[in-house]
Amino acid sequence: MVYKKRKILDFNLSKKYFKENLIRSLLIISAVVGIIVIFSILFFLVRESYPLPTDLSSFLSGLEWKPTSVNPRFGAFPLIVGTLLVTLGAMLFAVPLSIGSAIFISEIATPKIRRIIKPIIELLAGIPSVVYGFFGLIILVDWIHDGFGVPTGETWLAGSIILGIMAIPTITSVAEDAINAVPRHYKEGSLAMGATKWQTISKVVFPSAISGITAAIILGIGRAVGETMAVMMICGNSPIIPEPFWDVFSPIRTLTSTLGIEIGEVPFGSGHYHALFGVAVLLLIITLIVNISAVYILGKIKEKQMALGKSKKKSRISQDLLEKIKKYFKNTILLFLLISFYFVGGLIFVGSIVLIGIFLYYVSKKISQSSIQRISFSIITFSIIIVFCILGLLLGYIILNGMGAIDWEFLTMPHTNLGRQGGVVTALLGTLYLAAGAIAIALPIGVGAAIYLVEYTKEGKFTKIIRTAADLLNGTPSIVFGLFGFAFLTLFLGWGRVLLAGQITLAFMIIPTILRTSEEALKSVPQSIREGSLAVGATRWQTIRRVVLPPASPGIITGAILGIGRAAGETAPIMFIAVTFTAFEPSSLWEPVNALSYHILVLATEIPGPEAKVSAGGAALVLLMLVIGLYIIAIAIRNYYTKKMKW
Amino acid sequence: MSKEKIIIKTKNLNLWYDDNHALIDVNLNMQPNKVTALIGPSGCGKSTLIRCFNRMNDVITGCKIKGQVEYHGENIYGPKVDAVEIRKKIGMVFQKPNPFPKSIYENIAYGPRVQGMNNKKKLDKIVEKSLKDAALWEEVKDRLNDSAMGLSGGQQQRLCIARSLAIEPEIILMDEPCSSLDPIATAKIEDLINELKKNYTVIIVTHNMQQAARVSDYTAYMYLGKMIEYGKTKQIFEKPKEDLTEKYITGRFG
């Protein structure tokens with residue numbers, strides 16, 4: 001055999017491994033680009049918020065937000081209150097339903113039903129927020145207006161309901177994962193001692209899953225705090241604190257919608273401009289705190305599960321970070337404010353749960369265990385039925401309403417008469433250009449960085465920094481990315497509104513998702529397989545390409561498709577930097593485009609007349625089909641391969 | 001015993017995992033075409049030691065090595081040495097069977113392929129020979145294109161042995177190859193080891209002292225990262241020189 005004659009000494013090592021080293025450097029570059037992206041966003045936001053037009057304390061606690069009056073005021077307090085109230089309302093509504101649904105899916109449903117329901121819930125996480133906003137604006141707001149006889153339906157209540165619906169899929173699927181992760185022998189132990197199924201669920205399963213469920217709720221809060229479009233469309237947007245503060249029929253304005261509304265018109269470098277970046281930083285800090293706590297809790301759970309095995313390969317990233325964050329913010333008024341708000345909200349919430357619990361406890365003394373089980377199962381089943389009714393209503397409305405508008409002309413013609421006639425082809429193409437460009441930029445960087453992190457580095461400071469930053473950006477509100485793109489690309493580089501700016505901004509937004517999903521996919525390939533390959537004399541890159549990437553690719557592809565879906569559905573980040581309500585296709589990357597999501601927004605909120613609403617309905621259905629289609633593909637790939645891959 | 005031929009020689013080998021001093025001044029000479037068994041209680045460093053011989057510890061985080069491992073008189077930790085070339089000469093079989101999620105054929109052909117062999121006929125021959133040498137050919141010859149994940153644990157482990165034979169190494173390292181197998185599969189692997197030593201040098205880590213006694217020519221006893229005693233298997237088991245070895249072998253601790 002020729003290949004056997006080689007000597008182990010090789011004095012041309014670097015030449016021989018030219019390709020290996022080249023690939024390695026390319027991967028390092030993508031990892032470094034990833035870090036630069038992540039940190040430049042943080043850097044830019046903070047830089048642009050300086051100097052604030054007022055001092056920090058009156059910015060945080062001022063009661064008036066009047067940025068454009070003769071005597072401008074920049075008190076962000078009503079916006080903070082608005083954000084917290086609308087989130088609180090959403091959670092009061094979403095948490096019980098989501099937890100009920102999660103328990104139903106993991107513990108009560110038969111395997112067959114579970115197989116159907118679970119993907120549907122996950123699918124719902126993919127509905128673009130502008131579609132929720134459109135539904136809220138056309139249907140919900142009217143109902144509230146007529147049903148409660150209030151002057152306008154654009155209220156805190158409307159925002160909370162829509163945000164609650166949006167948060168349900170997130171909370172349900174993470175909580176369901178947590179419940180599912182409870183080891184089977186816990187349950188068996190309880191059942192073997194003669195406990196009923198409900199006793200087992202309530203006394204064994206639920207308590208063991210409680211930290212995962214908490215993380216699920218926190219992630220739901222993060223989603224609600226960061227949402228822009230839906231809130232902006234239906235909350236009325238008056239920067240006031242409701243009087244009294246539990247008046248759910250008051251209009252309300254959040255941090256995100258302030259950015260969404262005002263960024264487009266603000267003069268570069270003015271006090272108002274800096275104040276808006278201040279708002280963005282505030283928003284970022286709130287979501288960071290929320291997300292860090294979720295990551296921290298989930299990390300703890302992972303640690304605990306790892307400890308059950310033997311591996312010591314756990315990451316203490318979030319813990320370290322938490323310590324740091326604590327140090328920085330512990331003594332500021334800011335954290336105090338936030339915590340006290342959540343505390344009050346939480347107290348009310350926990351209080352009511354405890355009261356219900358005490359009530360049930362006393363009732364339960366009187367009736368038999370099997371009746372309790374029947375009652376609780378009915379409540380749980382009822383909650384998932386409600387969820388499905390709501391979602392059925394929403395989807396049914398979008399589909400039925402949209403069908404009327406869609407015909408061949410609608411799909412193939414540009415719009416005319418301000419969108420009242422004609423079709424959506426320019427918007428559809430624009431969305432595709434944006435999403436395609438975003439994935440073309442994000443995929444190499446995200447996957448390259450992931451390969452570098454998992455395959456080439458040893459765990460250390462460097463990997464920790466990247467991973468933590470990616471985790472944090474993952475939960476960052478999309479409007480913050482929009483603001484970054486606006487400040488950096490549109491204004492600082494002077495690009496104006498161009499397609500390329502939108503593609504880059506969307507790419508930045510999805511890089512963390514792609515990086516983390518690729519990382520998970522690579523990590524799910526057992527180390528022993530890599531060792532097996534190295535042990536027969538494969539080089540590192542040969543090992544990656546031939547035995548690691550093939551089994552990891554379904555996971556990577558799933559992440560990429562979800563990224564495309566997310567990019568296609570977003571409105572907030574591209575609103576000021578890439579899109580206009582144009583009926584012309586761009587001829588280069590340096591021209592603005594239209595996008596479906598933006599098209600819907602303009603038709604629903606700015607163009608008067610019933611035809612505009614019909615067209616908006618059609619466009620909403622097209623966008624929904626596009627995004628949901630992508631999600632279905634992604635979920636199908638994942639399910640197919642998780643069944644196939646067994647190590 | 002005049003001048004013995006030596007294939008692997010360690011000189012004052014020390015190894016740390018971060019702060020944990022896992023191997024302490026290990027000195028060892030191993031001879032070609034013999035089976036050497038490494039025994040000792042869990043955590044004594046025998047798996048760590050065997051992974052030094054083909055530089056598999058390179059992939060472990062926080063691992064630091066001092067001292068020398070000589071293969072035919074050349075230090076494999078020298079500056080100009082290519083770890084990939086070493087692994088082509090020194091194959092390895094792991095504790096748990098780790099077939100690739102590919103077909104049986106592709107598992108065996110993988111090694112030659114990554115070394116640039118693409119001739120289908122030659123590959124067919126290598127696959128057949130390797131499977132025969134690993135005593136697996138009869139069981140799988142009709143389903144070479146089936147996934148290797150569908151084989152039983154014992155078959156998977158023999159497949160992994162066949163995979164390491166396919167690149168025609170000189171030495172085969174086996175890290176507790178039977179620890180996840182049942183007694184019948186274990187017996188088959190032990191028979192195989194006896195066959196293999198005609199053409200290969202085998203170094204095996206084992207927890208099972210009967211196994212060490214059955215298959216090996218030489219035995220090394222390790223304890224807390226140190227090489228306590230090394231010699232002919234017969235001598236080690238019948239009249240060990242060291243007190244610690246005797247205690248371990250007679251089952252008084254470990």
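In the text below, chain A, chain B and the rest are named by the order of the sequence lines, each starting its count at 1. All values below come from the heavy atoms of this structure, side chains included, with hydrogens, waters and symmetry mates left out.
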**Q.** Side chain / backbone / both / neither for A/Ser533 at chain B, heavy atoms under 4.5 Å
**A.**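 For A/Ser533, backbone and side chain are both near chain B.
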Q) For A/Arg530, is it the side chain, the backbone, both, or neither that has a heavy atom closer than 4.5 Å to a heavy atom of chain B? A)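 Contact with chain B involves no heavy atom of A/Arg530 at all.
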Quick one: what part of [X] sits under 4.5 Å from any heavy atom of chain A, side chain, backbone, both or neither?
X        : value
B/Asn107 : neither
B/Arg55  : neither
B/Met56  : side chain

**Q.** Distance (rounded to the nearest 0.5 Å) between B/Leu224 CG and B/Leu23 CG
**A.** 11.5 Å
Q. So does B/Glu176 pair up with B/Lys96, basic N to acidic O under 4.0 Å?
A. no
Q: Would you indicate whether the side-chain heavy atoms of B/Lys9 and B/Met30 approach each other to under 4.5 Å?
A: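 B/Met30 does not reach B/Lys9 side chain to side chain.
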Q: Please examine the side chains of B/Arg113 and A/Gln542, heavy atoms only from C-beta on, and report whether any two atoms are closer than 4.5 Å.
A: no
(Q) Going by side-chain contact (heavy atoms from CB on, under 4.5 Å), B/Val205 matches just one of B/Asp175, B/Leu173, B/Leu49. Which one? (A)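 So the option named by the test is B/Asp175.
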